[in-house]
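Report on the structure given below.
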Amino acid sequence: MPLIAVTCRHSHQQGVSHIQDAYVQAVEKAGGLPVILPPSLSPAASVDILSRMDGLFLSGGSDLSPSFFGKPPHPRLGEVEALRDEQEIALVKAALGLGLPIFGICRGMQVINAALGGTILQHIDEDRVGAIQHRQEAPGWHRHHQVEIVPGTMLAAALGPGAIGVNSFHHQVVDQVAPGLTISAASPDGLVEAFESREPWILGVQWHPERMIARYPEFLGLFELFCSQCNNKSMQQ
Ligand code: MN
């Protein structure tokens, strides 16, 4: 089974790293062996571990420091996990060099975009007139808004083309998509909800499929797609 490097949250106030069970369980259920990399590791040690892995999975979390996409901090910028930022940007760049598949969810998608030279809208409600609500207060499995999946994409192969309901727990979103990435889903207000690349292999989604799997098993398909890519990588070695 492929070894998957999995990033996690970090509380600098408490000096504690932590991750939600749903990510770990989704990777395992999809046929991967998750290896959690706490942000308390140095970026160098994190990259060393990554070099022995078969894929990189970036979980959700708080806001990426806008210094990583060349913007000053917006007044509504939330908590920044600085150690995690440094670790994850280094991991994405290293994964590209190693030819490892990369899958990012929510913040993870935004980190991929910034590492590849794209930008992030720091507060949707103020930065995008006409935006719908993207921070639901409904349960995590609830289909809060629809996204339109672009035909012919890997995402469409996994979930089917057309509209699908997803959850939404973000106040930031990808703005300028980094070179080499293709938009594969958008919300009704035109925000980027997913992107991808086949070579290098990258998948990013702005919603949280891991919180929907119990009720909508099709969302496990995204983890299975990723883990099968990592398994192919593992077989080549
Ligand atoms: Mn959304």
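Note that ligands are numbered from 1 as they come in the structure, with each ligand's atoms numbered from 1 the same way. Along the sequence shown, the residues carry numbers beginning at 1. The analysis underlying the following values was restricted to heavy atoms, covering all of them including side chains, and did not include hydrogens, waters or symmetry mates. The structure displayed is predicted, hence computed values, not measured ones.
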Would you say the Mn ion (ligand 1) has Q206 as a near neighbour, meaning an N/O/S atom of that residue under 2.8 Å away? no
H134: which N/O/S atom is nearest the Mn ion (ligand 1)? ND1
Rounded to 10 degrees, the angle NE2 of H145 makes with OE2 of E193 at the Mn ion (ligand 1): 90°
Below 6.0 angstrom between ring centroids: does that apply to H134 and H171? no
I124 and side-chain contact (heavy atoms from CB on, under 4.5 Å): which single residue from Q172, H170, R135 fits? H170
H170 near the Mn ion (ligand 1): N/O/S under 2.8 Å: yes
With the 4.5 Å side-chain cut-off for hydrophobic clustering, are V24 and F226 part of the same group? yes
If the plane angle is over 60° it's perpendicular, under 30° parallel, otherwise tilted; pick one for H74 and H123. tilted
